[in-house]
Every structure is written in C-alpha cells, then in structure tokens.
> 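Take this structure first; my questions come after.
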Amino acid sequence: MADEEQSPSRLAEVRAARIEKVARLRELGVDPYPSTFGERQEIAWAREQPEESGVRIAGRLVLWRRHGGSTFANLRDQSGQIQIQLRKDVVGEGKYELVKLLEVGDFIGVSGPLFTTRTGELTVKVEEFSVLTKTLRPLPEKWHGLTDPETRVRKRHLAYIADPEEMRNVATRATFIRSIRSFLEERDFIEVATPVLESIPGGADAEPFTTHHNALGRDFYLRISLELPHKRLIVGGFERVYEVGRVFRNEGIGREHLQDYDLLEFYWAYADLDALKQLVQQFYASVIESTFGSLKLTYGDDVLDFTPPWPELDYFELFRGIGIDLDAHPTAEALLPVARERVGDEAKPGLGRGRLIDMIYKREIRPTLIQPQLLTGHPVDISPLAKRDPQHEGRVQRIQVLMAGSEVGNGFAELNDPLDQRARFEEQQRLREAGDREAQMLDEEFLEALEYGMPPTAGFGVSIERWLMYLTNSPTIRDVVAFPLVRPPSD
RNA sequence: GGGCCCGUAGCUCAGCGGUAGAGCAGCGGACUUUUAAUCCGAUGGUCGCGGGUUCGAUCCCCGCCGGGCCCCCCA
C-alpha cells in the first residue's frame with residue numbers, strides 16, 4: 001500500500017512503531033505470526049466454567065490496562081469477551097517483557113485458571129501466553145467506536161470490530177436461508193441454478209447491468225430476476241423448483257435498494273392462487289418463527305404480527321378508499337389528470353396506465369400498509385407475466401406481501417397463454433420505445449418455450465435482503481449485507 | 001435527477017477571518033485487583049481538492065470529489 005506509506009500522518013508513525021515491535025519480538029525469538037495456537041476453548045464456554053478451572057483461550061485484545069507489574073486486558077473471540085490478568089510474578093520477568101510489546105488489537109492466546117477479582121469480574125490469571133498476530137494499525141477509538149457511516153461501510157471489518165453485535169446479521173441471514181431451504185425441501189421443491197448472464201433480461205421491471213463476453217464477441221446482461229428460466233424448467237416437466245440467486249439491478253441506491261441482492265423464487269406447477277396464498281403465509285410464519293423464535297417482530301415504532309391468516313386487501317378497493325375509481329379511467333390518457341393531481345409532474349404524458357397506477361399506489365397507499373398483509377387484484381397493466389383474473393376484466397391473479405409500508409414478496413398465477421404473453425410483451429415494447437426504461441423486453445426464446453405448454457403454475461419471489469431488513473429492524477438495507485456497493489475511492 | 005446537511009490527527013469531536021485544539025490510541029516515565037484505570041511528560045495536521053475575495057482563508061464565495069438525510073424510483 002504505497003499510498004499509505006507516503007502519508008506523513010500520525011498513522012504512519014504508529015504503524016512504524018508497531019513494525020518496530022514486530023522486529024523486537026523476532027529479536028526476542030518470538031514469531032509474531034505463528035501458524036497455530038493449538039487447541040483452544042471458546043471464551044463464552046470458558047465463562048461458564050467454575051472458578052479455579054484452567055482455561056485456554058485466544059482472541060483479540062480489545063482493552064488494555066497496564067499498571068507496572070500487573071496488566072489487565074479484555075480478550076475477545078467470536079463467542080464473547082473475558083478479562084485476563086498478566087502478572088510479572090506469574091508469567092515470569094522475562095516473559096513479562098513481551099507484555100510491553102502488546103497492545104489493543106493484537107491477537108494472543110492465553111491459559112490459566114479462572115478467578116474473580118475483588119470488583120467481582122471473572123478473570124483468567126494468565127500463566128502462559130503467546131502472541132498470535134501482531135497488528136500494525138490502530139483500532140477505532142475504544143469508547144465512541146466507529147461512527148462515520150462511510151468508513152463503516154467501506155471498512156466493514158472495522159465496523160464489526162467496533163460493534164460485534166453487527167456480526168449477528170450475518171449469522172441471522174445464514175439461519176434464515178437455511179430455514180427457507182428446509183421449508184421448501186420438505187415440500188419437495190428442488191433447488192435449481194439458472195444463468196446469471198442473459199441475452200435478454202426478463203421477469204421484472206428493472207434496468208439491467210451489461211457486460212461483455214470476449215469469445216462470443218457480444219454483450220450480455222446480468223439477470224434482474226430468476227423468473228423466465230424457472231418457467232422454462234416447468235415447461236420441461238419440473239413441478240416444484242426454487243432458487244436463491246443473486247440478481248443485479250442498475251438503479252438508484254437507497255435505504256431499501258441494493259444493486260445486487262439475493263432473490264428467492266419458487267414455482268409450483270398445478271397450484272392456483274388460493275393455494276399460493278396459503279403456502280406463502282405458512283412459509284413466512286415458518287421461517288420467521290424458526291429464525292427469530294417469534295411471529296411478532298418490531299420494526300421502528302411498529303410491532304409486525306406475522307401470525308396467519310393475514311388480512312387480504314383488494315387493489316381496486318384501496319384506490320376507491322382514496323377516492324379514485326380505476327375502472328372509470330381505463331386508459332393512460334384518462335388517468336393522467338388524476339395522477340398529476342396526486343403525484344405531480346412525475347406523472348408524465350407517455351407513461352403507461354400501469355406505471356401511473358403504480359405511482360399513485362406507491363405514493364399514497366403502500367406507505368399506510370404496516371401490518372403483514374396480502375394485496376390482490378392488481379391491474380393487468382402492471383403485471384405483464386401474470387394470468388388474467390376471469391372474474392375481473394383488466395385484473396390479474398396476483399398477490400403481494402406488504403409489511404412496514406413496503407413490498408416484501410410478490411407472486412401470481414403465471415401467465416401460460418403464449419399468445420397473451422406475446423401481446424403483453426409487445427405492449428411492454430411500446431412502453432420501452434416511449435421511454436419507459438424499466439418496461440420488459442420481449443424474449444422470443446421464452447415465448448417459444450411457452451408455446452410448448454406450461455401447466456397452470458403459481459410462482460413467488462422475494463428479496464432476501466429486503467425481507468431481512470424488516471425482520472431485523474434495520475434502518476437501511478445496507479445493514480444486512482456485509483459489503484454493499486460503494487463508489488471506489490478516486491485516485 | 002431535485003432539496004438540505006457534512007468532510008479538521010488513525011478514531012471521536014471542538015474551533016469558523018488573525019501562529020490549528022482536546023480526548024482516545026501510540027511514544028517516554030510512575031504504578032502488581034484495574035474496568036473508558038489513573039497520574040506526569042513529549043509528540044502528532046497539505047483543516048477533502050481546485051479556484052476566487054481579502055493585507056491575511058480551516059473559516060466567506062464558486063466549482064469539483066466523497067458521504068449522509070429527505071423527495072423520486074427499481075424488491
């Protein structure tokens with residue numbers, strides 16, 4: 001890191017002093033970076049042992065209080081933290097010289113019996129210790145920690161050191177995904193893997209990233225959803241498939257939006273919308289209960305209650321609730337004045353009716369939907385891949401899961417009429433040509449597959465990160481991923 | 001894309017026209033039961049970058065870069 005070494009700062013001095021300590025350790029015959037400490041116990045386990053038990057633990061020094069011939073320090077591993085005491089008369093005068101070369105941040109291994117200090121703190125009386133890793137850079141300040149949001153994201157390792165609690169989100173995510181898999185596996189869904197690079201990105205309204213394939217000499221898109229390949233698997237004869245896969249959307253950064261995230265999708269042949277509604281509620285209840293141990297979780301000022309059955313809301317009813325009869329505005333032109341009144345200039349002429357409806361919904365309705373519930377009866381205009389509802393002209397058989405004013409799950413009876421699907425894609429193409437960059441692209445290969453026949457199928461998708469953000473009461477979605485995208489440092 | 005705010009030591013923060021400050025960490029010293037240990041001492045800065053105004057700019061103005069929040073939007 002040449003740029004670091006040029007820096008004439010305090011950091012450079014600290015770093016030089018620590019490199020000097022590395023050299024002094026070597027002069028004393030101590031390897032500052034040994035390969036192993038051998039067997040060790042977890043600190044959390046050690047804390048459970050009775051007094052006088054011998055323990056052997058390792059970790060990072062996080063606090064350091066030297067006073068003459070005795071030094072107290074706090075040692076932390078992934079499981080927890082414990083105080084240790086290093087005494088000159090216990091470890092020996094020669095070995096105690098090494099203590100002077102240690103500092104906060106270093107990894108050491110220690111062994112010795114447990115005792116309780118006069119102030120009541122469980123402590124390891126260190127008889128033997130070894131340096132495991134000497135650190136060169138100072139840790140964030142011990143009391144205030146690391147507060148700068150930029151550094152917290154760019155140097156996530158420091159954020160975890162400063163706030164070990166945050167590591168929990170990583171573990172929670174692992175448990176959560178395991179629960180998801182086992183719920184679906186128990187119901188005979190097969191986990192599949194579909195391509196990340198696509199000729200035509202489909203299955204969602206989103207702008208894609210592009211990349212280049214050298215050998216084929218052409219550009220590809222990174223997928224924005226998993227939907228179309230999964231449906232081709234259903235065409236091929238699979239009846240229950242699912243995937244947890246990374247998707248990429250070339251769009252804005254915000255508290256609810258990442259550029260790459262894990263999407264869960266599953267497709268279930270011969271199931272209708274009613275069956276999907278039942279399964280989705282069971283699914284959410286099951287994975288939330290097994291991950292968090294409760295169906296009532298706090299988000300912000302609200303307690304979200306996931307106990308089924310959830311209320312069901314009708315899309316058109318909600319619009320009537322805010323004084324808009326969508327049936328009375330059957331075209332984009334007819335709806336435009338209403339939309340402008342509600343959302344202002346953002347509602348531009350040329351946008352499709354679906355996009356206008358969606359804008360009003362997102363502005364006026366969705367933020368009021370706090371408790372987990374199912375939204376149904378969406379207009380066909382905003383659902384180009386969903387089957388029409390034979391009971392309601394202009395509407396589709398679709399559900400969205402709403403919680404905390406946000407969309408956390410989306411499913412429908414999949415459109416399997418190939419000619420209708422072609423017509424919907426053609427309508428999307430018209431919208432694209434009119435300037436809607438998120439309108440979907442026509443996928444001829446997918447249409448051809450549909451012409452071979454896809455049985456009636458219910459499908460569902462949900463963003464793992466968005467879902468976890470609400471379940472873990474995280475103010476921003478960046479909190480649930482270790483390394484969200486950031487602008488690279490300029491040189 | 002629009003509005004508001006922020007960028008000073010490794011970290012946490014003061015200062016806001018007149019020689020750049022503190023705490024933590026680090027360095028030297030004292031101290032064998034401390035808990036953000038304490039005490040003494042010395043050290044540490046291209047005040048995000050570039051222009052402008054001014055006798056003089058970390059401070060005022062303009063631009064740029066990076067970040068945050070709120071709108072907007074894709075889950």
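Letters A, B, ... are given to chains in the order of the sequence lines, protein chains preceding strands, and every chain is numbered from 1. Owing to the predicted nature of the structure, the values given are computational and were not obtained by experimental measurement.
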> Not counting sequence neighbours, which residues clear ring pair (Phe, Tyr, Trp, His ring centres under 6.0 Å) with A:Tyr361? List them please.
A:Tyr315
> State whether A:Arg154 places a side-chain N or O below 4.0 Å from either non-bridging phosphate oxygen (OP1 or OP2) of B:G67.
yes
> Flag the pair A:Glu243 and A:Arg223 as a salt bridge only when some basic side-chain nitrogen lies within less than 4.0 angstrom of an acidic carboxylate oxygen.
yes
> Could you tell me whether A:Asp148 contacts a base, only the sugar-phosphate backbone, or nothing, with contacts defined as non-hydrogen atoms closer than 4.0 Å?
sugar-phosphate
> For B:A36, take OP1 and OP2 only and decide whether either is under 4.0 Å from a side-chain N or O of A:Arg65.
no
> Kindly confirm or rule out a cation-pi arrangement of A:Lys231 over A:Phe446, judged by NZ or CZ under 6.0 Å from the six-membered ring centre and within 45° of its axis?
no
> Can you check whether A:Lys142 has a side-chain N or O nearer than 4.0 Å to OP1 or OP2 of B:A25?
yes
> State whether A:Lys21 places a side-chain N or O below 4.0 Å from either non-bridging phosphate oxygen (OP1 or OP2) of B:G26.
no
> Describe the nucleic acid contact of A:His144 in one word from base, sugar-phosphate, nothing, applying a heavy-atom distance below 4.0 Å.
sugar-phosphate
> Using the side chain to side chain contact (heavy atoms under 4.5 Å, CB included) definition, which of the options A:Leu11, A:Leu158, A:Val14 pairs with A:Arg137?
A:Leu11
> Below the 4.0 Å mark, does B:C13 have OP1 or OP2 next to a side-chain nitrogen or oxygen of A:Thr147?
yes
> Between A:Asp314 and A:Arg395, is there a side-chain N and carboxylate O pair less than 4.0 Å apart?
yes
> Could you give me the stems involving RNA chain B, meaning stretches of three or more consecutive Watson-Crick or G-U wobble pairs whose two defining distances are both below 3.5 Å?
B:1-7 with B:65-71, B:10-13 with B:21-24, B:27-30 with B:38-41, B:48-52 with B:60-64
> Under a 4.0 Å N-O cut-off, is there an ion pair linking A:Arg466 with A:Glu407?
no
> For a quick check of understanding: with a heavy-atom distance under 4.0 Å over all strands, which category does A:Asp260 fall into, base, sugar-phosphate or nothing?
nothing
> Is any side-chain N of the basic residue among A:Glu427 and A:Arg430 closer than 4.0 Å to the acidic one's carboxylate O?
yes
> I want to check one thing: is the phosphate of B:G66, taken as OP1 and OP2, less than 4.0 Å away from some side-chain N or O of A:Arg487?
yes
> According to a strict under-4.0 Å criterion, is A:Arg18 in side-chain N/O contact with OP1 or OP2 of B:G26?
no
> Tell me which residues in residues 459-468 of chain A lie within less than 4.0 Å of RNA chain B, going by non-hydrogen atoms.
A:Ser463, A:Arg466
> Could one point to a donor on the side chain of A:Glu13 or the base of B:U43 with an acceptor on the other under 3.5 Å away?
no
